There are 4 protein chains.
Amino acid sequence: MSTVSDARIVRTREALRKAMIALAEESPLDAITVRAIAARAGVGYATFFRHYPDKDALLADVADRLIREFLQRVAPLLQDKDRAAAARSMCDFVLEHLAIYKALLAGGSGETVRAEMLRQTMITMAATRKRKPDGPLDDLMLFHLVSAILNLLSWWLRNLSAVSAATMAEVIERTVLTPVSLLRKQPPVGL
Amino acid sequence: MSTVSDARIVRTREALRKAMIALAEESPLDAITVRAIAARAGVGYATFFRHYPDKDALLADVADRLIREFLQRVAPLLQDKDRAAAARSMCDFVLEHLAIYKALLAGGSGETVRAEMLRQTMITMAATRKRKPDGPLDDLMLFHLVSAILNLLSWWLRNLSAVSAATMAEVIERTVLTPVSLLRKQPPVGL
Amino acid sequence: MSTVSDARIVRTREALRKAMIALAEESPLDAITVRAIAARAGVGYATFFRHYPDKDALLADVADRLIREFLQRVAPLLQDKDRAAAARSMCDFVLEHLAIYKALLAGGSGETVRAEMLRQTMITMAATRKRKPDGPLDDLMLFHLVSAILNLLSWWLRNLSAVSAATMAEVIERTVLTPVSLLRKQPPVGL
Amino acid sequence: MSTVSDARIVRTREALRKAMIALAEESPLDAITVRAIAARAGVGYATFFRHYPDKDALLADVADRLIREFLQRVAPLLQDKDRAAAARSMCDFVLEHLAIYKALLAGGSGETVRAEMLRQTMITMAATRKRKPDGPLDDLMLFHLVSAILNLLSWWLRNLSAVSAATMAEVIERTVLTPVSLLRKQPPVGL
DNA sequence: CTCTAATCGAGACGGTACGTCGCGTCTTACG
DNA sequence: CGTAAGACGCGACGTACCGTCTCGATTAGAG
């Protein structure tokens, strides 16, 4: 679906993604109709379905691109165990793409975005780490990591004026990154 | 809506709540139609709307009752700072009401339940604590606490066989309760 | 479908039939949209499908009622072998219900109407005649009878000013009723 | 549209006509999509519209060629007043081109074919006969003649095994050709 | 223990979004 | 640089669900 050369297709999909982001900023996901997306994109209604099977597929596409970029930036830092820098980098990245993140996290689309992020993180992790024990603990911690970060960021996006990026990064580091890291080093006896 | 004496009303609402829980176990929330709920409850379609304005109101009612009970059990322990016992109590409680929790958390209804739980926790906290500074940190930590716990529990409900209640409790304590507690005692400098 | 007591149903179907006839006078059948029928009937779009599976079903219902009345008038005469009177009666009947016939025959709906008329004539014949040989000749002649009459009438409806009812009746009698009757009395040797 | 020399154009149109006939054998006319015709003809979708403005135009072209041939064979006999031979010739001709006739008459395309046949017959008649009074009677009888014959033939095509060509010819002669001829010799008084 | 008013079932209805399909136009990529 | 391929706008289709509404028919609980 991504490797298409026809200029019209590229243009249309671009317009649809833009429209989705724009609308997601304004209303919760399930209040966004396909008709509204198509209209906003300046595209015929049926044309939407020629490119995406449904709303969620479009959202997943949008999320996919965003997360891919996000991970390219954050993953290296996590690999280097520089958690503080990683947390800082996250918050900066979010600030830079404020509009899109607001749309995707503060709206009702969190579920889809989280799922997509989990999926991609899995892939990235699998690609970088040699051995993948993939025990239940790893699975649980990855899920917690992604979910908790997304939750904290979504809170932040609704309270940007109250907390600075630096503070937010510290909170993420101390309440998520570090505890998870510790638990990994010293797993519960039952596991 | 709650203080009604007519036996028929009590009976009908009870049936609707039961039906909602039963259906939530089987399918994601937005695949549950009001018609299906009414049918399952053995109640006329229009009757549904005589008791709840819409699907979400019913779900909120169900969640409300569950969370009320949940908090009655967990809150005291948190007040007493016995985090390990509190975590343990949570997990036990979830195990006891497995079906309902599976329905409400592992389904697509997480968002509503989380919102309801946040709301009620706020109220409970406000009632027990005298002084409520309610700075952004408190707000953020409460949000994180509730969200993270619900997320961890919902993962657990999908992986019950992999992790025991004791282990799960330890995980919750070490990755959520303790870090949050520490952050509260020693807030980031920016706050 | 016909024996329903609910007043709303009766009212709605009545309105739909009226609307169908009105629109059929104005435009060919396949230029009539279900939306237009519903709008004209002052009825919701979806409501249409609660009563008829599609446009043709509504048309068939309209035709059914018309043909039932038509046959009640013409059949006795045919039984009595008074072909001239039967032909005359047909033409008079058509004149009396000019608008509806124009709608049903001169429009593009001939196919459906013819099918319905064939079906009903079959039933009527079967009910009145004791023995029903139903050989291929009977089948062919019945088909020819109905088709030819409908064709002649539809031509007449488009050329009302050119030919009187009496003349038209004579034409029908001499080119359809009598030849068919003769052929029946003295079938081709091959049958 | 007809006087074109480019070999590719001839080839494409030929392919489109073949495809139309093939598809018309399999499904009713309005279930045949332009896409299906183009695909069957091994031709691009848009290419269809470079040769015919729409589906009906292609069908009319197909019918036109068939009817032209048909009339060349039948008309002389009608001119010679040899009605029996004419009827016989018709039936033989239909048998020889069974597939195409089945496609055009027994399918849902009867209406278009009939219209085309009427048009062409008019032209042929006008060409052969010197004086063309063209009163309403002539018009009516021509319409009846064409319609009734097409109807009888289409019935026959659906019941080939039941009736021989000779019998069918006799039926056509006795129920259509002769009655029409008689009526012409001795018109109703009203005309 | 009755009577009366509230509750109930049944389901028709207007409305709106869905996803599909076909048409006929118009752009594009490719030979 | 022309032409076949096919993306596109349009608009109808038939489906599903929502929340409102109108009917009678129970049925609870007050007198």
Side-chain angles (χ1 to χ4, degrees), chain A residues 4-13 15 30-39 41-55 57, chain B residues 4-13 15 30-39 41-57, chain C residues 4-13 15 30-39 41-55 57, chain D residues 8-9 12 30-39 42-50 52-57:
Chain A
V4 186
S5 51
D6 193 318
R8 291 168 294 181
I9 295 179
V10 174
R11 205 187 312 139
T12 298
R13 291 193 185 163
D30 59 351
I32 301 175
T33 69
V34 173
R35 286 198 144 79
I37 298 171
V43 145
Y45 174 65
T47 298
F48 178 93
F49 298 100
R50 292 187 181 111
H51 296 278
Y52 297 99
D54 54 29
K55 224 186 325 176
Chain B
V4 185
S5 52
D6 192 317
R8 290 168 296 179
I9 294 179
V10 173
R11 206 186 312 139
T12 298
R13 291 191 184 164
D30 59 352
I32 300 175
T33 68
V34 174
R35 286 198 144 80
I37 298 171
V43 146
Y45 174 62
T47 299
F48 178 93
F49 297 98
R50 292 188 187 107
H51 296 279
Y52 297 100
D54 55 29
K55 220 189 325 178
D56 285 337
Chain C
V4 186
S5 51
D6 192 319
R8 293 169 295 178
I9 294 179
V10 173
R11 205 186 315 136
T12 298
R13 291 193 184 164
D30 57 352
I32 300 175
T33 69
V34 174
R35 286 198 144 78
I37 298 171
V43 146
Y45 174 66
T47 298
F48 178 93
F49 297 100
R50 291 188 183 109
H51 297 278
Y52 298 99
D54 54 30
K55 223 188 323 176
Chain D
R8 289 170 301 178
I9 293 179
T12 297
D30 58 352
I32 299 175
T33 69
V34 174
R35 285 199 145 78
I37 298 171
V43 147
Y45 173 63
T47 301
F48 178 94
F49 297 99
R50 290 189 194 102
Y52 296 100
D54 56 29
K55 220 188 329 178
D56 284 337

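Chain letters run A, B, ... following the sequence lines, proteins first and then strands; every chain starts at 1. Note that the structure is predicted; figures quoted are calculated from it, not measured.
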> Does the A:K55 side chain pair with the main chain of A:I32, one donor and one acceptor, at a distance under 3.5 Å?
Replying inline: yes

Selection from [options] that lies nearest to any side-chain heavy atom of [X]:
X     : options                : answer
A:D6  : E:dT28, F:dG19, F:dA4  : E:dT28
D:T33 : E:dC23, F:dT20, F:dT22 : E:dC23
A:R35 : E:dA12, F:dT27, E:dA17 : E:dA17
C:D54 : E:dG9, F:dG14, E:dC13  : F:dG14
A:R11 : E:dT27, F:dA5, E:dA12  : E:dT27
A:R50 : E:dC13, E:dA29, F:dC8  : F:dC8
D:K55 : E:dA12, E:dC23, F:dG19 : E:dC23

Please state whether the phosphate of [N], meaning OP1 or OP2, lies under 4.0 angstrom from any side-chain nitrogen or oxygen of [X].
X     : N      : answer
B:T12 : E:dC8  : yes
C:H51 : E:dA12 : no
B:T47 : E:dC8  : no

> So what does C:A7 touch, heavy atoms closer than 4.0 Å: a base, only the sugar-phosphate, or nothing?
Replying inline: nothing

>> Regarding B:G42, tell me which of base, sugar-phosphate or nothing describes its non-hydrogen contacts under 4.0 Å with the strands shown.
In response: sugar-phosphate

How many Å lie between [atom1] on [X] and [atom2] on [N], as a whole number?
X     : N      : atom1 : atom2 : result
C:I32 : F:dA12 : CD1   : P     : 13 Å
A:I37 : E:dC18 : CD1   : C1'   : 13 Å
B:I9  : E:dA5  : CD1   : P     : 17 Å
C:F48 : E:dG15 : CZ    : P     : 17 Å
B:Y52 : E:dT7  : OH    : P     : 15 Å
D:F49 : E:dT25 : CZ    : C1'   : 9 Å

> When the nearest nucleotide of DNA chain F is assigned to A:Y45 and to D:G44 on a heavy-atom basis, which residue is associated with the more 5' position?
Replying inline: D:G44

> Of D:A46 and A:A46, whose closest DNA chain E nucleotide lies nearer the 5' terminus?
Replying inline: A:A46

> If you look at every heavy atom in B:A41 and B:A15, which pair is closest and at what distance?
Replying inline: CB-O, 3.6 Å

> How close do D:A38 and D:G44 get, heavy atom to heavy atom, and via which atoms?
Replying inline: CB-O, 3.8 Å

> Between D:T47 and D:T12, does a side chain to side chain contact (heavy atoms under 4.5 Å, CB included) hold up when you go through it step by step?
Replying inline: CA-CA 9 Å; D:T47 301; D:T12 297; 4.1 Å; yes

>> Ignoring hydrogens and geometry beyond distance, is the side chain of A:R8 in donor-acceptor contact with the base of E:dT28 at under 3.5 Å?
In response: no

> Given B:Y52 and B:R13, is the side chain to side chain contact (heavy atoms under 4.5 Å, CB included) satisfied, shown in steps?
Replying inline: CA-CA 9 Å; B:Y52 297 100; B:R13 291 191 184 164; 4.1 Å; yes

> How are the rings of C:F49 and C:Y45 set relative to one another: parallel (under 30°), tilted (30 to 60°) or perpendicular (over 60°)?
Replying inline: perpendicular

